[in-house]
Amino acid sequence: QNLLKTFCIALIFGKFFRRMQMTKSQISCIALGFLAAALFLAIPAHAQMTWDLNADADATANPMGAWSYGRSENASDPVPFTLHTNTFNAGPGGDLRIWDLASGHPNIAYNKGVNVLENHIGPGEHNMHPGTDPNPDYAKIRFTVPATVANNQHLQVQGVFDRPNPTGGNDDMHIIHNDGNTATEIFQNLGNVDDVAFDVTVAVGPGDFIDFAVGNHDGAEGGGASSVNFVITEVIPEPTTLSLLGLGGLGLLFYGRRRN
């Protein structure tokens, strides 16, 4: 239907050009411009990139590529970020890698083993545990937009906050885009809710931050929030959009030939 509409619009433009006393060659030049634009846009500058927190995980590094583990030291503000430098192995067989304050929560844990740990952290999954009183800070995972990403590139941000202990208290769940000057919240959930899914799109530039923050909403959280995964994907124009440009050009060419 979209293609048919575009073809019809091209014919309407053709009638408009006729009233403007445009010649066949002029109409053909405009049509070829449409086709050239479609061809140019159809050639991507690079392959579509995807960053997957769990797939990208490194059991020894922080930061690890575009991802880093940390905390916000202001319990009422999830925007600040301090990198976790204290790390150790825990759990059966030492399969749970934890990054935290030397004094404990908030922390980020990664299951590098093959068994489910603490009854909810599956193999290759992360757990975000906010701080509890008297240190109710945010646990944070930060994504730094790589230098290879274009300015004003749209990224699709998807995932789930899975709370393993819904009776333990209420969590803050935030996703924040920070360009270094302005921090904008693009997702928020407050309260005692399990399996909170999100799917948002945001325009970014190289060096921007996308922060995933989990806070202690009521001071009583004992179970933390488990991040099943965070996946970030570049949004590339769909072939349909390019087809519309190309068919528009063909429609103008058709009109120019029919007029002749």
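These values consider heavy atoms only, across backbone and side chains, with no hydrogens, waters or symmetry-generated copies. Counting begins at 1 with the first residue of the sequence.
Inspection of the H84 and N107 side chains reveals no N or O donor paired with an N or O acceptor under 3.5 Å. Side-chain atoms of D100 and H129 include no donor-acceptor pair closer than 3.5 Å.
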Residue pair H120, N127: steps toward the side-chain contact (heavy atoms from CB on, under 4.5 Å) verdict | CA-CA 9 Å; H120 68 274; N127 186 71; 3.1 Å; yes

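Other residues sharing the hydrophobic cluster of V116, ordered by chain and number and joined by side-chain separations under 4.5 Å: none, the residue standing alone.
Judged as a salt bridge (Lys or Arg N to Asp or Glu O under 4.0 Å), not a single pair has a partner in residues 75-94 (not counting sequence neighbours). Screening residues 52-66 for salt bridge (Lys or Arg N to Asp or Glu O under 4.0 Å) gives no qualifying pairs among residues at least two apart or on separate chains. Under the salt bridge (Lys or Arg N to Asp or Glu O under 4.0 Å) criterion, the residue pairs touching residues 135-147 are K140-D211, R142-D211, with sequence neighbours excluded. Within the structure, salt bridge (Lys or Arg N to Asp or Glu O under 4.0 Å) contacts touching residues 148-161 (residues at least two apart or in different chains) do not occur.
Follow the hydrophobic side-chain contacts under 4.5 Å out from F230 and you reach V202 in the same cluster. If you chain together hydrophobic residues whose side chains sit under 4.5 Å apart, F209 and I186 never meet in one group. Linking ILVMFWY side-chain heavy atoms closer than 4.5 Å, directly or via other members, places I232 and V235 in two distinct hydrophobic clusters. The hydrophobic clustering, which links ILVMFWY residues whose side-chain heavy atoms are closer than 4.5 Å, places V196 and I141 together. By the criterion of side-chain heavy atoms lying less than 4.5 angstrom apart, applied directly or through intervening Ile, Leu, Val, Met, Phe, Trp or Tyr residues, I176 is not grouped with M173; the two fall into different hydrophobic clusters.
For the atom pair I175 CD1 and T184 OG1, the distance stands at 13.5 Å (nearest 0.5 Å). Separation of atoms CG (N115) and CG (D95) is listed at 7.0 Å; rounding is to 0.5 Å. Once rounded to the nearest 0.5 Å, the distance linking CG of L117 with CG of N111 reads 4.0 Å. Here N62 contributes atom CG and I108 contributes atom CD1; the two are 9.0 Å apart, rounded to the nearest 0.5 Å.
For H174, the ring-ring contact (aromatic ring centres under 6.0 Å, His included) test picks out Y138, with sequence neighbours left out. Among residues two or more places apart in sequence or in another chain, the side-chain hydrogen bond (donor to acceptor under 3.5 Å, both in side chains) test is passed with S76 by N74. With sequence neighbours excluded, the residues satisfying side chain to side chain contact (heavy atoms under 4.5 Å, CB included) with A197 are V160. For R71, the salt bridge (Lys or Arg N to Asp or Glu O under 4.0 Å) partners two or more places apart in sequence, or in a different chain, are E73. With sequence neighbours left out, F187 forms a ring-ring contact (aromatic ring centres under 6.0 Å, His included) with F198. With sequence neighbours left out, F143 forms a ring-ring contact (aromatic ring centres under 6.0 Å, His included) with W51, W67. For Y69, the ring-ring contact (aromatic ring centres under 6.0 Å, His included) test picks out W99, H126, with sequence neighbours left out.
Contact check for N151 versus P206: side-chain heavy atoms found under the 4.5 Å cut-off. The closest side-chain heavy-atom distance from D179 to V204 is not below 4.5 Å. Proximity of F161 to N189: side-chain heavy atoms (C-beta onward) are nowhere separated by under 4.5 Å.
Using a distance-only test at 3.5 Å, with no hydrogens or angles considered, no donor-acceptor pair links the side chain of D208 to the main chain of V145. T144 places no side-chain N or O within 3.5 Å of a backbone atom of G207 that could act as its donor or acceptor partner. At least one donor-acceptor pair under 3.5 Å links the side chain of E234 to the backbone N or O of M49.
Residues H105 and P130 approach most closely at CB-O, 3.7 Å, considering heavy atoms. Shortest non-hydrogen contact noted between P146 and A66 is CG-CB, 4.5 Å. Nearest heavy atom pair, residue A213 against residue P78, reads CB-CB, 3.9 Å. The minimum heavy-atom distance between S68 and P63, with the atom names listed, is CB-CB, 3.8 Å. Pairing each heavy atom of A90 with each of I98, the nearest pair is CB-CD1, 3.9 Å.
The side chain to side chain contact (heavy atoms under 4.5 Å, CB included) with V157 is formed by just one residue from the set V200, T201, D199; it is V200. The side chain to side chain contact (heavy atoms under 4.5 Å, CB included) test with E125 singles out one residue from N229, L53, N54, and that residue is N54.
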